[in-house]
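Notes to accompany the following structure.
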2 protein chains.
Amino acid sequence: MTSSEPPVLLPEERRERVLNELHRRGTVRVNDLADTLGVTPITVRRDIALLASQGLLRRVHGGATLRDEAASDGGPAAELPDSHTVAGHAAAGHTAVGHTATGHTDGSSGPNGPESPHATVGMVVPSLDYYWPDVIRGVREAAAQAEVRIVLRGATYEAADERRQLDRLVEGVGVDGLLVAPTTTGTEGEELVRWLRSATVPVVLVERSAAIGPYLEPMESVVSDHELGAAVAVRHLAALGHHKVGLLTTLGSPHAPRIRRGWRAACDELELNHTEAPDRETVDHRESGWPATVEEILDACLDSGTTALLVHSDPEAISLVERCQERGIKVPGDLAVLAYDDQVAALCDPPLTAVRPHREAIGRAAFDLLMARLQDPSEDRPKHRVVIGPQLVVRESTAPPT
Amino acid sequence: MTSSEPPVLLPEERRERVLNELHRRGTVRVNDLADTLGVTPITVRRDIALLASQGLLRRVHGGATLRDEAASDGGPAAELPDSHTVAGHAAAGHTAVGHTATGHTDGSSGPNGPESPHATVGMVVPSLDYYWPDVIRGVREAAAQAEVRIVLRGATYEAADERRQLDRLVEGVGVDGLLVAPTTTGTEGEELVRWLRSATVPVVLVERSAAIGPYLEPMESVVSDHELGAAVAVRHLAALGHHKVGLLTTLGSPHAPRIRRGWRAACDELELNHTEAPDRETVDHRESGWPATVEEILDACLDSGTTALLVHSDPEAISLVERCQERGIKVPGDLAVLAYDDQVAALCDPPLTAVRPHREAIGRAAFDLLMARLQDPSEDRPKHRVVIGPQLVVRESTAPPT
DNA sequence: GCCCAAATGAACATAAATGATCGATCGCGA
DNA sequence: TCGCGATCGATCATTTATGTTCATTTGGGC
């Protein structure tokens, strides 16, 4: 939060943020928004009225809600084709037989599943732009096959926020299960994990893992094997003849520690002399400190004779490659660059070799795991964890050192 | 977590919750809701009245119920198709509870013909008595649901043998996929792994893992988390107050290294003084050297003041407990014994606390994984690995040290 | 510099939401 | 069937959100 900043937003931007907030939270209230956006309630109300007239949300007393529901069962409803939908992904391919997800987890009273023949699954991810859309797509595809409804919420990277979302999904929307990529660090993160553990519906962690209980048993989860991904990257570079492979990760990324571990293990195993190779955690490429950091790193590479660099997050890798070219460092001639994520790595000028966590498969596997759990919620079914191997996509930014 | 949260809900949200609660429970009471939602009963009543006027529920004295009959109320919704035909096998209790996985049934060929050749899956396990029958049962149950045929072969613990079995299954029987628990050690083991890697049909390893290819990518597998199992055992013993926890594993068991790793890690983490605690690998309890080994170990425990022992494989644990009693060492009074496997641990005289890898779940998961792979055999589907957490079954052989 | 239009805020009247009170009803057990 | 306690409904008071109208500010063209 910590708002109270009046950086004169364009009205358009402001409305955008209203929608954004709405899609994150599910509901917004006028006064909160007024506070957050630094305008008076009147203005917010006008914004909401405008957006409502465009059918982008539903006005209610005190704020606005996503306009679906309408009559949760009244009629076929189904009137909004838009809403949140990730475009593209035409070739769904898989015809496949659907699941039969009829998890009615209520367990008590309700004699027969009264409403909703199909389950509803809540999903909370830290952001709705980078990385997660593909995961979401995987979930959506699997859910569509199983005829399960997905209720998506984006959170900030703040545990308190996520906790609120989850509460609302379980208590308010009444989901049958949760797919969550929570913040697990910090005090609030721990509390969040505790909340998840005692949640009344099954939970599957996505790209996160956490251990709980008296014996630190892991929760059910689906994760990419980032250790392996980094190791594969290093082995690829080593096979090309590089002897020094540096690492650069973004501060605060939940994946960074695992990537670093894999990188280190592989370097050790292959006896690459990485003691002198750069190993840095940097700010995000949008931060002001980024350009200076890049310079430092490139200097460090040149000084130490490092000929290859594994860079976590495509944008940073691309930005770094651009800077290389400005400084006359040839990629891959002088410095092989390998991006970790493969979100946009292909779009770089020399297209970047990249490690790609298969985000879609992660979503799909997470959904499958949750369905299996809904089908057998008993304690007797042991905790399953699924680990998915990333893939190495070789492009042009890696080559033998010259 | 109910109640204790009056964070000004939007009226709309509140009504939504009322509906959710109603759908979940079948009935709601005014006072309960008032309590839960943090408003007065009057407000709840008004909400219910409103929702009733929309035909979303039926008012009754004291609360509301789902409106079952088509009451032809004057509301906008008139009547709704109440045909909630719960899809497929709904509750059905247990009895071969359905896994879901992605749609399986027929393998790669036909879309979903009810008839048509159902897939055939070959399965090779090292033995048909200890440990594996339960795994096989899990596979069989899952296969029965998917209407897939299982061709089972038991091999000895010799790689050459297994290789021959596999060849015959693929070439002769013509299976569509393989579930294998191969011997991965030794020269022939490596060769076997290489054979598996280049097999013409998808392979899922069961309780084994192996890395292959230029970048040592893991093969698809389903394994128990034996590290975790051992760690849980240690934590249990530590929680009881033991400060020295010994370990005893059987020579040649493929699980032993992982168990040892988990044991060591947990001991380190909990700062148990295991440097002096016995850590032994022994021959099988049927070997002639066994009795002498037991004596040695018991002596070592007594000498070092070790009060708890984790024993891999139930038979060894049972035999050891018998010998304890002969020597007058009380279990659990003088020595807490924890068996790893829980095959027959319950049958011991003081029934043994044990770590139980859920063998049936392993079989089921392996089958599901293979089916998912058959459905999408493309390289694009990344390698999945499933890790299943063992369960701790507390019985009478563990207690605080006296 | 002037004027227009969009955007915003202020003030005031209105509507909605909520809670309290009290008499009327309902449900259930004696 | 009677009676008692729990519920309910109607009305009123209070608080909060909204709609409307009018004034002020902002940003451009001309």
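Order of the sequence lines fixes the chain letters, A, B, ..., with proteins taken first and strands second; residue numbering starts at 1 for each chain. All heavy atoms count here, side chains included; hydrogens, waters and symmetry mates do not.
Mapped onto DNA chain D by nearest heavy atom, Arg46(B) and Arg59(A) fall at different nucleotides, with Arg46(B) at the one closer to the 5' end.
To the nearest angstrom, P of dA6(D) lies 16 Å from CG of Asp35(B). Taking atom CG of Leu33(A) as the reference point, atom C1' of dT18(D) lies 16 Å away to the nearest angstrom. One atom, CG of Leu10(B), and another, P of dA16(C), lie 16 Å apart when rounded to the nearest Å. Spacing between atom CD of Glu12(B) and atom C1' of dA16(C) amounts to 12 Å, rounded to whole angstrom units. Rounding to whole angstrom units, CD of residue Glu13(B) and P of dA17(C) are separated by 14 Å. The interatomic distance linking Ile42(B) (CD1) with dT21(C) (C1') rounds to 8 Å, in whole Å. The nearest whole Å value for the distance from the CG atom in Asp47(A) to the C1' atom in dG9(C) is 13 Å. The separation between Leu50(B) atom CG and dG9(D) atom P is 14 Å, rounded to whole Å.
Panel note: side chain Glu21(A), backbone Val28(A); no donor-acceptor pair is recorded below 3.5 Å.
In terms of phosphate contacts, Asn31(A) brings a side-chain nitrogen or oxygen within less than 4.0 Å of OP1 or OP2 of dA17(D). Between Thr40(A) and dT8(C) there is no side-chain N or O to OP1 or OP2 distance below 4.0 Å.
As judged by a 4.0 angstrom heavy-atom cut-off over every strand, Val44(B) is placed among residues making no nucleic acid contact.
Between the side chain of Arg45(B) and the base of dG19(C) there is no donor-acceptor pair of N/O atoms closer than 3.5 Å.
For Pro11(A), taking side-chain heavy atoms from C-beta onward, the closest of the listed nucleotides dT7(D), dT8(C), dT21(C) is dT8(C). Which of dT8(C), dC26(C), dA17(D) sits closest to the side chain of His61(A) comes down to dA17(D).
Taking the six-membered ring for Trp and thresholds of 30 and 60 degrees, Trp290(A) and His285(A) have ring planes more than 60 degrees apart, a perpendicular arrangement.
A 4.5 Å side-chain heavy-atom check between Arg356(A) and Gln343(A) finds every atom pair outside the cut-off.
With a 6.0 Å radius and a threshold of 12 heavy atoms from other residues, nucleotides or ligands, Arg29(B) has its CZ atom at or below the threshold. In the displayed structure, Gln54(A) atom CD is contacted under 6.0 Å by more than 12 heavy atoms of other residues, nucleotides or ligands.
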